[in-house]
Each structure stands twice: as C-alpha cells, then as structure tokens.
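Some notes on the structure that comes next.
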Protein chains: 2
Amino acid sequence: MTSPFLHKGHDHSTCIQTALDAADVVCQSHKARLTPIRRRVLELVWQGHSPLGAYELLKTLKTEGHNSAPPTIYRALEFLIQQGLVHRIASLNAYVGCNRPGEHHDGTFLICHVCGTAAEIPDNPMWGPISEMAQAGNFRLSHVNVEAVGECADCQRATGQES
Amino acid sequence: MTSPFLHKGHDHSTCIQTALDAADVVCQSHKARLTPIRRRVLELVWQGHSPLGAYELLKTLKTEGHNSAPPTIYRALEFLIQQGLVHRIASLNAYVGCNRPGEHHDGTFLICHVCGTAAEIPDNPMWGPISEMAQAGNFRLSHVNVEAVGECADCQRATGQES
DNA sequence: GCTCATATTGTTATAATATAACATTTCTAT
DNA sequence: ATAGAAATGTTATATTATAACAATATGAGC
Ligand SMILES: [Zn+2]
Ligand SMILES: [Zn+2]
Ligand SMILES: [Zn+2]
Ligand SMILES: [Zn+2]
C-alpha cells in the first residue's frame with residue numbers, strides 16, 4: 001500500500017494540470033459546462049492539498065479583478081461538487097480538489113491538523129464495517145463522510161515526534 | 001447485532017434520565033462542574049435523538065427566562081463535548097447527546113435525512129480500515145469522525161420504500 | 001467567616017460561513 | 001433571429017460561531 005500523502009517537494013503543477021484535464025473530460029461526459037469562473041475556482045481549489053475556505057477563494061478571485069460576491073464562489077463550488085471534482089470538508093468548512101474525479105465515491109480523508117493537508121483515501125474499505133452497522137438497523141445507506149484528523153509523517157518529522 | 005436505532009415509540013424519558021445520571025457520574029469523576037445551565041443544555045440536547053442547532057437550543061433557553069446570548073450555549077456545548085457527553089455533527093452544524101458517555105470514543109453516526117435521527121454506532125469497526133490507510137502514510141491518527149447519511153427503517157416504511 | 005485565585009456567567013459586539021431573491025447577461029437549440 | 005434555459009451579477013440577509021471584557025459565583029486555604 002502506497003501513502004496517500006504526496007511528498008512535500010512533489011511537482012504540484014502536474015497535480016493542477018491533471019485535475020483540470022480530468023475536469024474537462026468529466027464535464028464533457030456529463031454535458032456540463034466548465035465555464036471560465038468554474039474552471040478558475042477549480043484551479044484555485046487545487047492551489048495545494050489543503051482545503052480552502054470559500055472566502056479565501058473569493059479573496060483571490062477579487063484580486064484578479066473578477067466579479068466576486070459570495071454567490072459567485074458558492075455556485076461554482078456547488079457545481080464542482082456536483083460534478084465530483086471537489087469535496088467539502090464539513091469539519092473545516094473548507095473545500096478541496098478530488099483526486100478521483102469521475103469515479104463515483106464519497107469523501108474519505110486523512111487531515112493533518114498541523115499543515116492542513118487533506119489526503120483523500122479510497123472509501124471502499126470503510127463500507128464493510130459501516131454497511132454491517134447499517135444492515136443491523138435496516139438503514140438504507142446513501143453516503144458516508146469520513147474525516148480522520150491526525151498528524152502527517154512530514155509534520156511528525158518536523159516536530160521530532162516520529163515513532 | 002441489534003439496531004442502533006430505537007423504536008419510535010420507545011420511552012424516551014428513560015433516555016433523558018439515563019443521560020443526566022451518567023453526566024453526573026462522569027463530571028464527578030472528572031472533577032468538573034455540571035452547573036444548572038450545563039445540565040439544562042444537556043437535557044435540551046436530549047429532547048430527542050436528532051441533532052439540534054445551537055440557536056435552536058438557545059431559543060428554548062430564552063423561552064425559559066434564562067439568560068441566553070450565543071456564548072451561553074456555545075460554552076455549555078463546548079463543556080459537554082469536552083466531557084464526552086455531547087457530539088457535534090459537523091455536516092449539520094448540530095449537536096446530539098452521546099450514548100456512550102464515559103467511554104473514550106469518536107463520533108460515528110448513521111443519520112436519517114428524512115426524520116433527522118442520528119444513531120450513534122460503535123467506532124471500533126471503523127478503525128481497522130482507517131488505521132490501515134493511516135499506517136500506509138505514517139499518519140498518526142488522532143480522531144475519526146464518521147457521518148453516514150441515508151434513510152432509517154421507520155422512514156423507509158413510511159414512504160413505502162422498504163426492500 | 002474572610003480572602004484570594006479561579007471558574008463561570010453576563011454582555012456587547014463582531015467574525016465567518018452561507019443562502020435568498022431578483023435582475024441581467026450569455027448560451028443553445030430551433 | 002428568437003425564445004427558452006442556464007449562468008452570472010447584484011443586493012440583501014440568514015445562519016453559525018467567537019472575541020473581548022465585565023461581573024459574579026465558587027472553592028480552598030487561612
Ligand atoms: Zn500536488
Ligand atoms: Zn502535516
Ligand atoms: Zn430516546
Ligand atoms: Zn428516519
């Protein structure tokens with residue numbers, strides 16, 4: 001099993017480019033319009049691997065001269081979430097790019113409380129235990145959100161806490 | 001395995017009483033003070049099995065003549081959460097009573113999007129898959145929040161959707 | 001009981017997040 | 001071209017949460 005965290009020195013421009021390319025494909029296949037605003041918001045969300053708040057994104061839009069009232073950003077985020085290109089991290093009120101766009105899945109994340117990095121992990125392994133619990137109560141499962149908080153390897157090294 | 005959902009006709013006054021009694025014990029053992037406000041807020045949180053918003057709780061306090069500015073309720077909730085008596089449901093911005101007070105655990109819930117009931121389930125089964133993922137990335141896991149949304153058995157019956 | 005340190009509560013103001021409602025523009029299909 | 005639909009602009013407001021400081025209550029030690 002390989003780590004869901006990328007090395008801090010990775011070439012992030014590739015992450016961005018991959019995400020934007022995937023978004024084009026996904027939106028085409030959904031017959032959805034990835035307009036300039038939506039595309040730019042997706043790019044901003046991908047400025048790193050840490051979830052960003054709506055108003056942080058909005059601020060950047062503003063500095064670029066775009067129109068930017070709250071609805072602008074919330075609409076774009078809503079669209080991107082619907083297309084499966086962005087996840088909302090409820091415990092942070094923040095948004096992060098999805099790294100499995102196109103595949104239908106829920107958000108399952110390891111979130112470092114030091115550097116803010118949110119690493120998306122496959123959600124399949126979670127469904128075993130959860131759906132057992134659900135079946136016990138005849139609960140019809142719709143979606144599962146998992147937000148696991150802790151400290152990433154890089155941050156443990158930085159604070160001299162590696163085991 | 002028994003259902004984590006209680007029957008709709010269950011004697012809920014027992015739920016409340018059990019929760020308040022447990023709170024007394026837990027707070028005593030923590031040498032923490034379950035003041036009248038805090039106790040009353042806990043009771044209000046337990047008015048059912050659906051998470052309630054801070055301002056809903058506040059409104060009730062108001063009708064009872066208590067002081068009730070936002071800090072009143074947020075402080076009480078913060079205290080109750082610290083004592084492990086209440087969980088915050090991030091995806092709903094709402095608060096619900098813990099039914100395993102005293103035991104150290106994270107919140108793991110099945111949430112019905114129809115009636116709002118949130119059933120707390122054991123989190124142990126979740127730790128297997130999650131900690132495997134965490135280990136793969138040398139991630140030091142601190143806590144895991146699971147909010148699974150779907151439809152409870154009662155609501156499926158009511159809408160004629162039982163399988 | 002009195003006194004001090006601390007914890008709790010009161011109070012006012014404001015921050016941070018998100019949505020409602022309606023006008024205008026742009027796109028798309030015919 | 002034109003009409004319907006989708007997207008965006010704009011203004012206002014709702015919802016959730018915290019900051020900052022004052023006043024009060026509590027509990028431990030004297
Ligand atoms: Zn990257
Ligand atoms: Zn980190
Ligand atoms: Zn009950
Ligand atoms: Zn239900």
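Owing to the predicted nature of the structure, the values given are computational and were not obtained by experimental measurement. In the text below, chain A, chain B and the rest are named by the order of the sequence lines, each starting its count at 1.
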Inset, instruction - For the residue pair A:Phe5 and B:Phe139, categorise the inter-ring angle as parallel (less than 30°), tilted (30 to 60°) or perpendicular (more than 60°). - result: parallel

Grab the [atom1]-[atom2] distance between [X] and [N] for me, whole Å please.
X: B:Leu92; N: D:dA17; atom1: CG; atom2: P; result: 11 Å
X: A:Arg38; N: D:dA6; atom1: CZ; atom2: P; result: 11 Å
X: A:Leu61; N: D:dT10; atom1: CG; atom2: P; result: 14 Å
X: A:Glu78; N: D:dA6; atom1: CD; atom2: P; result: 14 Å
X: A:Lys31; N: D:dA5; atom1: NZ; atom2: C1'; result: 17 Å
X: B:Leu58; N: C:dT9; atom1: CG; atom2: P; result: 14 Å
X: A:Ile37; N: C:dT25; atom1: CD1; atom2: P; result: 15 Å
X: B:Arg88; N: D:dT16; atom1: CZ; atom2: P; result: 10 Å

Inset, instruction - Return the 5'-most residue of the pair A:Pro71, B:Pro70 with respect to DNA chain D, ranking by each residue's nearest nucleotide. - result: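 The residue closer to the strand's 5' end, by nearest nucleotide, is A:Pro71.
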
Legend entry - Nearest heavy atoms of B:Leu42 and B:Leu20, plus distance in Å: CD2-CD2, 4.0 Å

Quick one: is [X] getting a side-chain N or O under 4.0 Å of the [N] phosphate, OP1 or OP2?
X: A:Tyr95; N: C:dA18; result: yes
X: A:Asn67; N: D:dG9; result: yes
X: B:Asn93; N: D:dT15; result: no

Legend entry - Verdict with supporting geometry, B:Thr159 and B:Glu151, side-chain hydrogen bond (donor to acceptor under 3.5 Å, both in side chains): CA-CA 10 Å; B:Thr159 56; B:Glu151 191 170 356; 3.2 Å; yes

Legend entry - side-chain hydrogen bond (donor to acceptor under 3.5 Å, both in side chains) between A:Glu120 and A:His105, intermediate numbers included: CA-CA 11 Å; A:Glu120 185 169 2; A:His105 65 282; 2.8 Å; yes

Inset, instruction - Have a look at A:Arg75 and say if it touches a base, only the backbone sugar-phosphate, or nothing, with a 4.0 Å heavy-atom cut-off. - result: base

Inset, instruction - Could you say whether the aromatic ring of B:Tyr55 and the base of D:dT16 stack, counting only centre distances under 5.5 Å and plane angles under 30°? - result: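 Taking the rule of under 5.5 Å and under 30°, the ring of B:Tyr55 does stack on D:dT16.
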
Legend entry - Carboxylate-amine/guanidinium proximity below 4.0 Å for A:Glu56 and A:Lys59: no

